[in-house]
There are 2 protein chains.
Amino acid sequence: MRVLVHPPIEDVTLQAVLYALADPVRLAVFADLVDATEPKACAIYLTVNDTPVPKSTLSQHFRILREHGLIRSERRGVEMLSTARKDELDAKFPGLIDSILAAA
Amino acid sequence: MRVLVHPPIEDVTLQAVLYALADPVRLAVFADLVDATEPKACAIYLTVNDTPVPKSTLSQHFRILREHGLIRSERRGVEMLSTARKDELDAKFPGLIDSILAAA
DNA sequence: GTATTAGTTCGTGAATCATGAACTAAGGGA
DNA sequence: TCCCTTAGTTCATGATTCACGAACTAATAC
């Protein structure tokens with residue numbers, strides 16, 4: 001298992017954000033992480049919008065969210081806890097995340 | 001040549017908007033059309049960001065923008081004139097388009 | 001040690017994408 | 001009228017990306 005990739009916020013592009021959130025599963029996960037008050041494990045999202053998401057597919061979605069700069073993940077024991085990089089994203093793209101989440 | 005497809009604004013989804021604008025060429029074209037005061041032909045965009053875009057590729061990009069509800073096109077003589085559906089999109093997704101264009 | 005749980009990686013078939021070539025549609029002359 | 005030009009579309013295909021089951025790894029508990 002490779003080390004986790006987290007781009008610095010300077011390297012996060014608008015295209016990357018739009019691409020990452022253009023998928024309904026990733027948008028749902030990200031929206032939930034933004035609302036969360038503490039880091040969450042991905043296993044929580046094995047069903048999204050009442051439809052099951054295969055484990056390997058979910059893992060890929062988390063990798064894309066992470067490597068495109070939307071979330072930050074760290075291993076805690078046997079699970080991976082993730083948080084949304086909301087503050088950083090808000091600073092770089094004012095109003096963007098809020099208007100996307102409002103539209104969702 | 002088939003008839004042009006323009007979804008009613010009720011059928012335009014957030015996912016569709018994010019998907020359509022996640023491509024840099026489409027975002028550049030859309031941003032330019034939003035700024036335009038009158039309909040524009042697509043041939044103007046055969047180079048975008050100083051890089052050439054093949055004609056068939058550009059045609060596909062316009063089709064995606066159109067069929068996902070971002071632009072409206074109509075044939076005028078030998079050319080296809082397009083406009084951004086900014087007002088409709090603003091009404092349905094408040095602040096979304098503006099924050100995307102501000103970030104671009 | 002084995003077992004369990006959480007998540008990742010690999011392999012592959014399916015779906016999507018980019019683009020050159022061929023085509024269509026609309027005018028504009030001779 | 002027929003040919004030419006211009007603008008854009010469609011088709012075919014090779015390349016890339018995607019989804020997901022199977023196998024694997026990493027951490028903890030017993």
Side-chain angles (χ1 to χ4, degrees), chain A residues 1-6 13 15-16 18-30 32-33 36 38-68 70-83, chain B residues 1-6 13 15-30 32-33 36 38-49 51-68 70-83:
Chain A
M1 291 189 181
R2 299 162 192 166
V3 66
L4 301 181
V5 174
H6 291 104
T13 66
Q15 301 296 342
L18 297 183
Y19 166 73
L21 298 183
D23 178 275
V25 171
R26 291 197 294 264
L27 179 61
V29 167
F30 180 72
D32 192 77
L33 288 177
E38 52 185 42
K40 287 192 170 185
C42 33
I44 302 177
Y45 305 103
L46 283 170
T47 75
V48 166
N49 299 139
D50 295 320
T51 56
V53 181
K55 209 163 68 148
S56 57
T57 303
L58 190 60
S59 179
Q60 297 301 330
H61 283 316
F62 268 83
R63 187 176 58 78
I64 286 173
L65 286 173
R66 185 189 320 122
E67 299 190 351
H68 288 74
L70 296 181
I71 65 173
R72 203 175 282 281
S73 310
E74 92 181 277
R75 183 170 267 257
R76 187 73 61 87
V78 75
E79 39 187 31
M80 280 277 292
L81 299 184
S82 298
T83 53
Chain B
M1 292 189 178
R2 300 163 191 165
V3 66
L4 301 182
V5 174
H6 292 103
T13 66
Q15 302 295 344
V17 172
L18 297 182
Y19 166 73
L21 298 183
D23 179 275
V25 171
R26 291 196 294 263
L27 179 61
V29 167
F30 180 72
D32 192 77
L33 287 178
E38 52 185 42
K40 287 192 169 186
C42 32
I44 303 177
Y45 304 103
L46 282 171
T47 75
V48 167
N49 298 139
T51 56
V53 181
K55 209 163 68 146
S56 56
T57 302
L58 190 61
S59 179
Q60 297 301 331
H61 283 317
F62 268 84
R63 188 177 57 78
I64 286 173
L65 286 173
R66 186 189 318 122
E67 298 190 352
H68 287 74
L70 296 183
I71 66 174
R72 204 174 282 283
S73 310
E74 91 182 277
R75 182 169 266 256
R76 188 74 62 88
V78 76
E79 38 187 31
M80 280 276 294
L81 299 184
S82 298
T83 54

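Computed from a predicted model, the values in this text were never measured in an experiment.
Set against dA18(C), dA19(D), dC18(D), the side chain of Y19(A) has dC18(D) as its closest nucleotide.
Contact between A41(A) and L81(A) at its shortest, heavy atoms only, is N-CD2, 3.7 Å.
If you take CG of L58(B) and P of dT9(D), they are 9 Å apart, rounded to a whole angstrom. To the nearest angstrom, P of dT12(C) lies 16 Å from CD of Q60(A). R76(A) places its CZ atom 15 Å from the C1' atom of dT28(D), with the value rounded to the nearest Å. Atoms CZ (F62(B)) and P (dT10(D)) sit 15 Å apart, rounded to a whole Å. Protein atom CD of E74(B) is 14 Å distant from nucleotide atom P of dT9(D), rounded to whole Å. Going from atom NE2 of H61(B) over to atom P of dT10(D) covers 16 Å, rounded to whole Å. Spacing between atom CG of L46(B) and atom P of dG20(C) amounts to 12 Å, rounded to whole angstrom units. In this structure, I64(B) atom CD1 and dT16(C) atom P are separated by 11 Å, rounded to whole Å.
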Using the rule given for side chain to side chain contact (heavy atoms under 4.5 Å, CB included), can you reason through F62(A) versus M80(A), listing the C-alpha separation, both sets of side-chain angles and the distance that settles it, and then say yes or no?
CA-CA 10 Å; F62(A) 268 83; M80(A) 280 277 292; over 6 Å; no
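For residues 42-54 of chain A, the side-chain hydrogen bond (donor to acceptor under 3.5 Å, both in side chains) pairs, not counting sequence neighbours, are D32(A)-Y45(A).
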Could you go over nucleotides 4-8 of chain D and give all protein N or O partners under 3.5 Å, atom names and distances?
unit_1, atom_1, unit_2, atom_2, d
dA7(D), O4', V78(B), O, 3.1
dG8(D), OP1, C42(B), N, 3.0
dG8(D), OP1, M80(B), N, 3.2
dG8(D), OP1, M80(B), O, 3.3
dG8(D), OP2, A43(B), N, 2.8
dG8(D), N7, K55(B), NZ, 2.7
dG8(D), O6, K55(B), NZ, 2.7

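A salt bridge does not link E74(A) to R72(A): none of the charged side-chain nitrogens sits closer than 4.0 Å to a carboxylate oxygen.
In this structure, H6(B) contributes its side chain and E67(B) its backbone to no donor-acceptor pair below 3.5 Å. The backbone N or O of L21(A) sits nowhere less than 3.5 Å from a side-chain atom of R26(A) that would complete a donor-acceptor pair.
As judged by a 4.0 angstrom heavy-atom cut-off over every strand, Y45(B) is placed among residues making no nucleic acid contact.
A heavy-atom distance below 4.5 Å is found between the side chains of Q15(B) and L27(A).
For S56(A), no side-chain nitrogen or oxygen approaches OP1 or OP2 of dT8(C) to under 4.0 Å.
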